[in-house]
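Structure, as C-alpha cells:
All ligand and atom numbering here is 1-based and tracks the order in the structure.
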Amino acid sequence: MSTDVILKIENLNYNVGRNQILQNISFEIKRGEFVGLIGPNGAGKSTLVKAIIGELEGYQGKVEVKGKIGYLPQQKEFERDFPISVKDAVAMGLYRKKGPLRFFNSADWQKVKDLLTIVGAEELYGRKIGVLSGGEYQRIMLARALAAEPEILILDEPEAGIDEMGKASFYQLLSGLKKEKGLTLLMVSHDIGLVFDSCDRIMCLNKTLHCHKSTHEVSPEDLQVIFSPDFDLLIRGKDHLHKEHEL
Ligand SMILES: Nc1ncnc2c1ncn2[C@@H]1O[C@H](COP(=O)(O)OP(=O)(O)OP(=O)(O)O)[C@@H](O)[C@H]1O
C-alpha cells in the first residue's frame, strides 16, 4: 500500500445468513482527502464503517488502515441524558489515549479547552451534555474524537439532529480541519447538497460501490443508479419547488 494511501479495502463481502449486505467493495482513500459516502437507507453504509473501525466480524476481504482512526458515531448511539459535563465528555477522548491508569492534570484540562476552541465551543466547557442543542452536542463529540489525535476521522451521519444553519457550519468546521490539520475525513451523510459542497470525492454505495469519483465528476445518472426510484421523486419535488417559488 503506497504511503499516500491511508485506507485500502479489497474485495470486501459481508453476508448475514443468505442476505448479502456488502458485495465486492474495493477502494482506496488518500491522506488529506474529504470523502462523502452516500446511498439510500439500508445501503450498507454503517456496516462498511463498522468494518473500517474494526467492529464488524465475519466479513471476507481485506481492510487496511495506515493511521489512527477517530470515530464519530450516529447521535442516537450515545446516551444524551448521561449526567456528565462537556469537559468530562471531551476528557474521555484523552482518557482513551492515555489509558485508564493516568489521572488528569492541569495540562490535560488545558488540552480539553484547546479542543473546545478548535471546534468553536469553548463557552460550553462546564455545561451539562443533556442541555446542548444538536449542533453543540455534535461539536463536543467532534472535540472528543479529536482528543485521540486521529489521522483519519470517520463520521456516521453527523448532520442528524442539527438544524440547517448548524449543519452548514459543522461541515465548514470539518473542511477547516482538513485544510489546517491535513486530517483525512470519511463521512456518511444523507445531505447530498452539503456533501457536494464540502467533499473532494464521493462514493455512491448501494450494497456494492457504484461510483467513487471526484465530486465534480459525479453525474445525475450516478445518483439515479443508487437512489432509483426515490431519485425520480426527488427531482419531481424539486421541479415543483421551482414552479411554486419561482426559484
Ligand atoms: N447484524 C445484522 N443482522 C441482520 N441484518 C443486518 C445486520 N447488520 C446490517 N443488516 C442489514 O444490512 C443492511 C445495511 O444496513 P446499514 O445499517 O449498514 O445501512 P445504512 O446504509 O447505514 O442505512 P441507513 O442510511 O438507514 O442508516 C440493512 O438492510 C440492515 O437491516
Please classify the Asn41 to ligand 1 contact at 4.0 Å (heavy-atom distances, strictly less than): side chain, backbone, both or neither.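 It is both backbone and side chain that touch ligand 1.
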Which atoms of ligand 1 sit under 4.0 Å from any heavy atom of [X]?
{"X": "Ala43", "answer": "19 (O), 20 (P), 21 (O)"}
{"X": "His190", "answer": "25 (O)"}
{"X": "Glu157", "answer": "25 (O), 27 (O)"}
{"X": "Pro40", "answer": "21 (O)"}

Can you find an N/O atom of [X] closer than 3.5 Å to an N/O atom of ligand 1?
{"X": "Gly39", "value": "no"}
{"X": "Ser46", "value": "yes"}
{"X": "Gly44", "value": "yes"}
{"X": "Ile21", "value": "no"}

Selection from Leu205, Thr47, Val49 by shortest heavy-atom distance to atom 8 (N) of ligand 1: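 Of the listed residues, Thr47 has the closest heavy atom.
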Is it the case that the side chain of Lys45 and the backbone of Leu205 share a donor-acceptor pair, with hydrogens and angles ignored and the cut-off at 3.5 Å?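 Looks like no, no N/O pair under 3.5 Å.
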Any donor-acceptor pair under 3.5 Å linking the side chain of Thr184 with the backbone of Gly32?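 The answer is yes, because a donor-acceptor pair under 3.5 Å joins these two groups.
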Any pair counted as side-chain hydrogen bond (donor to acceptor under 3.5 Å, both in side chains), so long as it reaches residues 28-42, sequence neighbours left out: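 Every side-chain hydrogen bond (donor to acceptor under 3.5 Å, both in side chains) pair that includes a residue of residues 28-42, provided the two are not neighbours, is Arg31-Glu151.
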Would you list the pairs meeting side-chain hydrogen bond (donor to acceptor under 3.5 Å, both in side chains) in which at least one residue belongs to residues 168-183, sequence neighbours left out?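 Every pair satisfying side-chain hydrogen bond (donor to acceptor under 3.5 Å, both in side chains) with a residue in residues 168-183: Arg139-Ser169, Glu159-Tyr171, Tyr171-Ser189, Lys178-Asp200.
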Close side-chain approach of Ile118 to Leu142, heavy-atom, < 4.5 Å: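 In short, these two side chains do not touch, never coming nearer than 4.5 Å.
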Cut-off 3.5 Å, side chains only: do Thr117 and Asp114 have a donor facing an acceptor?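 There is no such pair (donor and acceptor under 3.5 Å, judged by atom type) between the side chains of Thr117 and Asp114.
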Closest approach of Ala147 to Val90 (non-hydrogen atoms, all atoms of both residues):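 Where Ala147 meets Val90 most closely, the heavy atoms are CB-O, 4.0 Å.
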